[in-house]
Q: 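Here you go, one structure.
The structure displayed is predicted, hence computed values, not measured ones.
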Amino acid sequence: MSSAISLAVIGGGASAVCLIDALAQRDTAPGSITVFEPSPHLWRGRAYQSDTTTVKVNATPDDMSVRAGDDRHFERWLTTRDRILGLPEGTSGLDPKAGARFAPRTEYGEYLEQTAHAALAKLRLRGWRVDLVSESVTSANLAAGRAMLRTNEGRVRAFDYAVLCVGGDSPKDVYGLTGSGNFIGDPYPITQKLQSVAPDQHVAVIGSGLTAVDIIISLASRGHRGRISLLSRRGMLPGVRQKPVHFDLKHVTPERMQRLSRRQTSLRLQEIADLIGKEFAEAGADLTAVIEEITGAHREHPVERLRRQLSEVDSPDLGLRILQRAVPDTGPDIWPLLSERDKVELLRTHYRTIMSLCCPMPPSSATELLRLADEGQLQIVSGLQDIAAGPEGGYTVETSEQDAFRVDVVINAVNASEGKIPMAAAPLVNSLTRNRLADRHPHGGLHIARATSRLAVEGRPEPRWYALGNIAAGTLFFTFGIPSLVDRSQDIVRAVLAHSQRIAGLRAERVLQSA
């Protein structure tokens, strides 16, 4: 038995595309879907706007497909695009050192747009009503079993189900530089934001993650001649992605963790370590080397770490590849089973290093960074303490590593707020928590039920409300990779349809009883 549903999707970025595509692949009774997205970047989000082709995604096409069970979906799209544009197949974004393709972010944005349009067209053909609303949802409640949403225009609409797909936030202004001259608070789209930077200016980039790498590569591609200082507290660059090798996890798998979670409510770190040991032993991988990569990162200068990792792109050892597969695939199933003490310790001591290894940069990006560093144009400075705007322009940088120095331009690439809730979504989240429909998680974002991604209050899941993406990071640990979004989208669609069918069954039963 099935029943028509009304579904609200709050946010229109990559996570929304994964969700809509998952829904379109299911054979369901016609319903309605409404997407609320106030920004002009519908389906692309911040990261995949129309921009320079020098800025690449950091994963191969098989890890960027939004189609569940079809890891060649994006690859086929790229092949079709090449043919239409008359380009040699498979050459755009090809990284010769990795022997793999890393598509420009702007191309991936096109893929998201076209996939969303195709999915919505498929739903329309099956009788679904589709509405795209360019307003933000600012408050919400639950009334008569329906999700009540109010937008910034004061409109109130009711839905059977609502999914928070609010995406990530813009960089955090740690040093209060907003409003000062030559400060770029949000670097995307890079093509537009870098136009004001003169070729000979000394540029400081705050942060050392993938966004910072995007900025530096883009400056170099524009022919920037001035010095570039990469500033952060730890100097932890993203790892370097190794050449892809096909393998399957056998012990640290989501299925195994899900079976364990049905039998027990917690796991000790030693139990997980034993499973990881079996995984590495069976693959013939060097577990000791991966442990040293994690625990010894702070003892190695960032440039030398970059040089070493670049030299290991062709390594036959599967160690890092196992880590990079297990963390996003199985991490969300392991994380809820850990004790609070173990979670706090892992977040405090190893989180940033693990993320740097599990979200690595393409080898071509690493090669360019190393060239700039070896030629003396790029300096990577850790121990950042303060940046202050000068009275006559420019900025003074203070670090624990060297004397204070001056720069002309500051570009912000700091990670977004650790609270995992974008500022634009704060009014909605405050409304949800005030109305006891959501609880903030101590490690960021909101509490959700692991199996369904339903919002949870005091451990009680709410079947009308769901969260997808980084806003669920406190519960799931790893949430922002496309494979993670695809998996969680499947969970949400399955849970929504199962609940709607159960409600329809109860209604039919009541009708029969009253007849």
Q: Measure from NZ or CZ of Arg464 to the centre of the six-membered ring of Tyr161, then state whether that distance is under 6.0 Å and the direction lies within 45° of the axis.
A: yes

Q: Under the side chain to side chain contact (heavy atoms under 4.5 Å, CB included) criterion, do Lys343 and Phe477 qualify, and how do the steps go?
A: CA-CA 9 Å; Lys343 289 178 183 177; Phe477 183 70; over 6 Å; no

Q: When you look at Asp333 and Glu255, which way does the side chain to side chain contact (heavy atoms under 4.5 Å, CB included) test go after all the steps?
A: CA-CA 9 Å; Asp333 296 287; Glu255 295 77 18; over 6 Å; no

Q: If you take all heavy atoms of Ile448 and Ala472, which pair is closest and at what distance?
A: CD1-CB, 3.6 Å

Q: Considering all heavy atoms of both residues, which atom of Pro463 and which atom of Arg454 are nearest to each other, and what is their separation?
A: CA-NE, 3.4 Å

Q: With rounding to the nearest 0.5 angstrom, report the NE2 to CD1 distance, His224 to Ile215.
A: 12.0 Å

Q: Output all residues satisfying side-chain contact (heavy atoms from CB on, under 4.5 Å) with Glu153, sequence neighbours left out; order by chain, then residue number.
A: Glu135, Thr151, Arg155

Q: Using only atom types and a distance under 3.5 Å, with no angle test, would you say the side chain of Thr34 pairs donor to acceptor with the backbone of Asp131?
A: no

Q: For the residue pair Cys359 and Pro238, establish whether any side-chain heavy-atom pair is separated by less than 4.5 Å.
A: no

Q: Here's a test for you: under side chain to side chain contact (heavy atoms under 4.5 Å, CB included), which of Thr115, Val9, Val35 qualifies with Val17?
A: Thr115

Q: Evaluate the criterion side chain to side chain contact (heavy atoms under 4.5 Å, CB included) for residue pair Ser489 and Leu468; output intermediate values, then yes/no.
A: CA-CA 7 Å; Ser489 294; Leu468 178 61; 3.5 Å; yes

Q: So, does Arg222 use its side chain to make a donor-acceptor pair with the main chain of Val197 at under 3.5 Å?
A: no

Q: Quick check against the 3.5 Å criterion: does Thr191 have a side-chain atom that pairs as donor or acceptor with the backbone of Thr52?
A: yes

Q: Working to the nearest 0.5 angstrom, can you tell me the gap between Asp62 CG and Glu75 CD?
A: 7.5 Å

Q: So for atom CZ, which belongs to Arg129, do other residues, nucleotides or ligands contribute more than 12 heavy atoms lying within a distance under 6.0 Å?
A: no

Q: Identify the heavy atoms of Thr54 and Ser218 that sit nearest to each other, and give their distance.
A: OG1-OG, 3.5 Å

Q: Answer yes or no: is there a side-chain heavy-atom contact under 4.5 Å between Asn58 and Met361?
A: no

Q: Just wondering, do Leu446 and Thr475 contact through their side chains at under 4.5 Å, heavy atoms?
A: no

Q: Between Tyr111 and Tyr48, does the ring centroid distance fall short of 6.0 Å?
A: no

Q: Under 4.5 Å between any side-chain heavy atoms of Ile482 and Tyr108, yes or no?
A: yes

Q: Okay, side chain of Arg44, backbone of Thr106: is any donor-acceptor separation there less than 3.5 Å?
A: yes

Q: For Pro38, does its backbone N or O pair with a side-chain atom of Ser136 as donor and acceptor, under 3.5 Å?
A: no

Q: Considering residues at least two apart in sequence or located in another chain, which fulfil the side-chain contact (heavy atoms from CB on, under 4.5 Å) criterion with Arg256?
A: His251, Thr253, Arg259, Leu275

Q: Among Ile421, Thr433, Thr138, Ile10, which residue satisfies the side chain to side chain contact (heavy atoms under 4.5 Å, CB included) criterion with Leu428?
A: Ile10

Q: Suppose we screen for salt bridge (Lys or Arg N to Asp or Glu O under 4.0 Å). Which residues come up paired with Glu110, at least two apart in sequence or across chains?
A: Arg81

Q: Just checking, is any N or O donor in the side chain of Glu37 or Ser39 under 3.5 Å from an acceptor N or O on the other one?
A: yes

Q: Any sub-3.5 Å donor-acceptor pair from Arg46's side-chain atoms to Gly13's backbone N or O?
A: no

Q: Is the backbone of Val252 close enough, under 3.5 Å, to the side chain of Thr330 for a donor and an acceptor to pair up by distance?
A: yes

Q: Sub-3.5 Å donor-acceptor pair from the side chain of Asn470 to the main-chain atoms of Gly168, do we have one?
A: no

Q: Kindly compute the distance separating NE2 (His499) from OG1 (Thr452), expressed to the nearest 0.5 Å.
A: 10.5 Å

Q: What residues, two or more places apart in sequence or in another chain, satisfy salt bridge (Lys or Arg N to Asp or Glu O under 4.0 Å) together with Arg241?
A: none

Q: Identify the two heavy atoms, one from Ser365 and one from Val213, that lie closest to each other, and give their separation to 0.1 Å.
A: CB-CG1, 4.0 Å

Q: Evaluate Asp63 against Phe74 for side chain to side chain contact (heavy atoms under 4.5 Å, CB included), listing each step before the verdict.
A: CA-CA 9 Å; Asp63 269 346; Phe74 180 41; over 6 Å; no

Q: For Pro442 versus His447, what's the shortest heavy-atom pair and its separation?
A: CD-NE2, 3.8 Å

Q: Give, for atom OG of Ser382 and atom CZ of Arg233, the distance between the pair rounded to the nearest 0.5 Å.
A: 12.0 Å

Q: List the atom of Leu323, the atom of Pro328, and the distance in Å for their closest heavy-atom pair.
A: O-CD, 4.2 Å

Q: Can any side-chain N or O of Ser208 pair as donor or acceptor with the backbone N or O of Met236 at less than 3.5 Å?
A: yes

Q: For Val414, is there any backbone N or O sitting under 3.5 Å from a side-chain donor or acceptor partner on Asn412?
A: yes

Q: Using salt bridge (Lys or Arg N to Asp or Glu O under 4.0 Å), reason through Glu458 and Arg436 one step at a time and then give a plain yes or no.
A: CA-CA 9 Å; Glu458 296 179 353; Arg436 304 300 296 143; 3.3 Å; yes

Q: Hey, could you give me the CD/CG distance between Gln490 and Leu19, rounded to the nearest 0.5 Å?
A: 9.5 Å

Q: Could you list the donor-acceptor pairs under 3.5 angstrom formed by side chains in residues 176-184, with sequence neighbours left out?
A:
{"unit_1": "Thr178", "atom_1": "OG1", "unit_2": "Asp173", "atom_2": "OD2", "d": "2.6"}
{"unit_1": "Ser180", "atom_1": "OG", "unit_2": "Leu177", "atom_2": "O", "d": "2.5"}
{"unit_1": "Ser180", "atom_1": "OG", "unit_2": "Tyr395", "atom_2": "OH", "d": "2.9"}

Q: Under the rule for salt bridge (Lys or Arg N to Asp or Glu O under 4.0 Å), what residues qualify as partners of Asp160, not counting sequence neighbours?
A: Arg146

Q: For the residue pair Leu432 and Leu164, establish whether any side-chain heavy-atom pair is separated by less than 4.5 Å.
A: yes

Q: Just checking, any donor-acceptor pair under 3.5 angstrom between side chains of Arg440 and Asn430?
A: yes

